[in-house]
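Since the structure comes first, as structure tokens, the remarks are kept for the end.
Naming convention: chains lettered A, B, ... in sequence-line order (proteins, then strands); numbering from 1 in each chain.
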Protein chains: 2
Amino acid sequence: MRNKPYLATVMNVQDTQQKIIEAAILVFNEDPSSPLEKVAEKALVTRRTLHRYFKDRNELVQLCEQDIRRNCRKGILAAMNSSSDALKQLEHMLYAGIDCGVKYSFFYKMHNMHDHQHHKANEACVEYDEIDACYKNIIKQLQQKRKISKHVTLEWVKILYNSIIIGTINAQVNHLVERKELKNFAWFSFSKGIGA
Amino acid sequence: MRNKPYLATVMNVQDTQQKIIEAAILVFNEDPSSPLEKVAEKALVTRRTLHRYFKDRNELVQLCEQDIRRNCRKGILAAMNSSSDALKQLEHMLYAGIDCGVKYSFFYKMHNMHDHQHHKANEACVEYDEIDACYKNIIKQLQQKRKISKHVTLEWVKILYNSIIIGTINAQVNHLVERKELKNFAWFSFSKGIGA
DNA sequence: GGTTTATTTCTCATATTTGAGACATTATTT
DNA sequence: AAATAATGTCTCAAATATGAGAAATAAACC
């Protein structure tokens, strides 16, 4: 009983598969054990179609995580290389995180929740560590140049950074504030918040 | 197949019920559709015991939400009344939020996620609005006294405030930073972040 | 317009989750 | 130490979620 049996815009195989992945990321980010029915609804397809594209729930989750990794990594690395000034790098990375949207929230959870087991054998973990190392490096540079308050530690800077990105993403998902202004607010508060 | 069939410390009815509620809040906060088995595990009871205390899943969720409302409301209102200085009020409210722990995260989601329908007929919503009105009032006072930067809006202050509280709570759940220092960091960054 | 491809609909088998009865086991109380 | 209360174990029925076959339907492509 679907209200719109066939959408005006039709898409090819890749598009449908990707559409389902995008929907799954949105749903699983808020409710990891959600029934697949909810994912199908969000993607505007039937559950039957979903099952044709993915062997089982696990495969769908794996592909979501892969998509997230690729997406976030790409955006963040591009931002890192966008400048040689550490503070500008940090600013652009913040914007890149916000641009990743819910994928960034998911990405962060994937590697920072208590149930996550960090393994050097896991390639995803290695990739994350790489980004983390670059990020830490930028913060340390700023600390040495006295651009960051002595009152805050490296760990707290990371927490604040991720809190603001994720909070901003939630705000724009829930339409709490003008989208365009959000990035400015986020950077203003983050930079002030670390005493920059 | 439980490793510790009977715990050394034994508790009465209220304690067991409350223990299950506390466990359920932790589990559902991260995974709302989680099987009840997970909740029972976290509470160190069998699923059978859980079902003796709660008619069904829905009742458990209701009682979790009720507990969260009571808890958060109490802490936040006490903090509000702890001073007549708006900035001190705000500071104490931030600490109160952090002290609520995961309950605060849940509380915030309950009333701010996109799937939440706000109704004036719902008593919980009215209660939340009450707190929200007080909070807004405090911010407005600070804005009038030029204690808050003109660059940020009331809505953004709320987003930042909740982002930092929730981020701080996650950090302490995942043992990322010394618990004692977290509150200081949180207030430092929030107050700077709004230009106070 | 006819062919091909993708999606829906309907259906069904299987797996998992849920909720509860009956009784054994452990704690608490007196 | 006997009675009482709470929890665990084992079991089972009902509900829900998962995954897939078969045929109908819609869209896309010559």
Quick one: salt bridge (charged side-chain N to carboxylate O under 4.0 Å, His left out) partners of [X], sequence neighbours excluded?
| X | answer |
| --- | --- |
| A/Glu22 | A/Lys103 |
| B/Asp132 | B/Lys136, B/Lys158 |
| B/Glu130 | B/Arg73 |

Worksheet item: Hey, quick one: are B/Leu154 and B/Ile159 part of the same hydrophobic cluster, counting side-chain heavy atoms closer than 4.5 Å, chains of contacts allowed?
Response: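 Yes, B/Leu154 connects to B/Ile159 through the hydrophobic network.
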Item to complete: Could you state whether B/Ile25 and B/Met113 fall into the same hydrophobic cluster, counting links through intermediate Ile, Leu, Val, Met, Phe, Trp or Tyr residues with side-chain heavy atoms under 4.5 angstrom apart?
Response: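 The answer is no; the residues belong to distinct hydrophobic clusters.
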Worksheet entry | Nearest-neighbour nucleotide for the B/Arg57 side chain, D/dT18, C/dT18, C/dT8 considered |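 Output: C/dT18.
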Worksheet entry | Nearest to side-chain heavy atoms of A/Arg52, which nucleotide of C/dG19, D/dG19, D/dA23 |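 Nearest nucleotide to the side chain: D/dA23.
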Starting at [atom1] of [X] and ending at [atom2] of [N], how long is that distance when rounded to a whole Å?
| X | N | atom1 | atom2 | result |
| --- | --- | --- | --- | --- |
| A/Leu50 | C/dT9 | CG | P | 15 Å |
| B/Gln17 | D/dA5 | CD | C1' | 16 Å |
| B/His51 | D/dC12 | NE2 | P | 18 Å |
| B/Glu41 | D/dT7 | CD | C1' | 17 Å |
| A/Leu36 | D/dT16 | CG | P | 17 Å |
| A/Asp15 | C/dT7 | CG | P | 10 Å |
| B/Gln18 | D/dA6 | CD | P | 17 Å |
| B/Glu37 | D/dT9 | CD | P | 11 Å |

Worksheet item: Counting only side-chain N and O atoms of A/Thr46, is one of them less than 4.0 Å from OP1 or OP2 of C/dT8?
Response: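 Yes, because at least one side-chain N or O of A/Thr46 sits under 4.0 Å from OP1 or OP2 of C/dT8.
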Worksheet item: According to a strict under-4.0 Å criterion, is A/Tyr53 in side-chain N/O contact with OP1 or OP2 of C/dA6?
Response: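 Result: no.
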Considering only nitrogen or oxygen atoms on both sides, find all protein atoms under 3.5 Å from nucleotides 11-16 of chain C and state each distance.
none

Discussion item. If the condition is ring-ring contact (aromatic ring centres under 6.0 Å, His included), which residues does A/Phe106 pass it with, not counting sequence neighbours?
Written reply: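 None.
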Discussion item. Filter on ring pair (Phe, Tyr, Trp, His ring centres under 6.0 Å), then keep only pairs touching residues 129-152 of chain B, sequence neighbours left out; what's left?
Written reply: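 The answer is A/Phe188-B/His151, B/Tyr135-B/Tyr161.
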Discussion item. Dot-bracket, 5' to 3', for DNA chain C please: Watson-Crick or G-U pairs under 3.5 Å, [ ] where pairs cross earlier ones, | where the partner sits on another strand, dots elsewhere.
Written reply: ||||||||||||||||||||||||||||||
Worksheet item: Under the salt bridge (Lys or Arg N to Asp or Glu O under 4.0 Å) rule, what pairs show up with a residue in residues 83-95 of chain B, not counting sequence neighbours?
Response: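 Matches after skipping sequence neighbours: B/Lys88-B/Glu91.
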Discussion item. Test: salt bridge (Lys or Arg N to Asp or Glu O under 4.0 Å). Region: residues 36-55 of chain A. Which pairs qualify, not counting sequence neighbours?
Written reply: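 Listed once each, the pairs are A/Glu37-A/Arg47.
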Discussion item. In the structure I gave you, are the side-chain heavy atoms of B/Leu90 and B/Ile139 within less than 4.5 Å of one another anywhere?
Written reply: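 When only atoms from C-beta onward are counted, B/Ile139 and B/Leu90 do touch, with a gap below 4.5 Å.
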Worksheet item: With sequence neighbours left out, what residues match A/Lys147 under side chain to side chain donor-acceptor pair (under 3.5 Å)?
Response: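 Scan of A/Lys147 (side chain to side chain donor-acceptor pair (under 3.5 Å), adjacent residues dropped) gives none.
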Practice prompt. Among residues two or more places apart or on two chains, list those pairs meeting side-chain hydrogen bond (donor to acceptor under 3.5 Å, both in side chains) that have a residue in residues 179-196 of chain A.
Written response: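 Residue pairs passing side-chain hydrogen bond (donor to acceptor under 3.5 Å, both in side chains), neighbours aside: A/Asp99-A/Lys183, A/Ser189-B/Trp156.
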Worksheet item: Heavy atom of residues 21-35 of chain A under 4.0 Å from DNA chain D: which residues?
Response: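 A/Pro35, in order of number.
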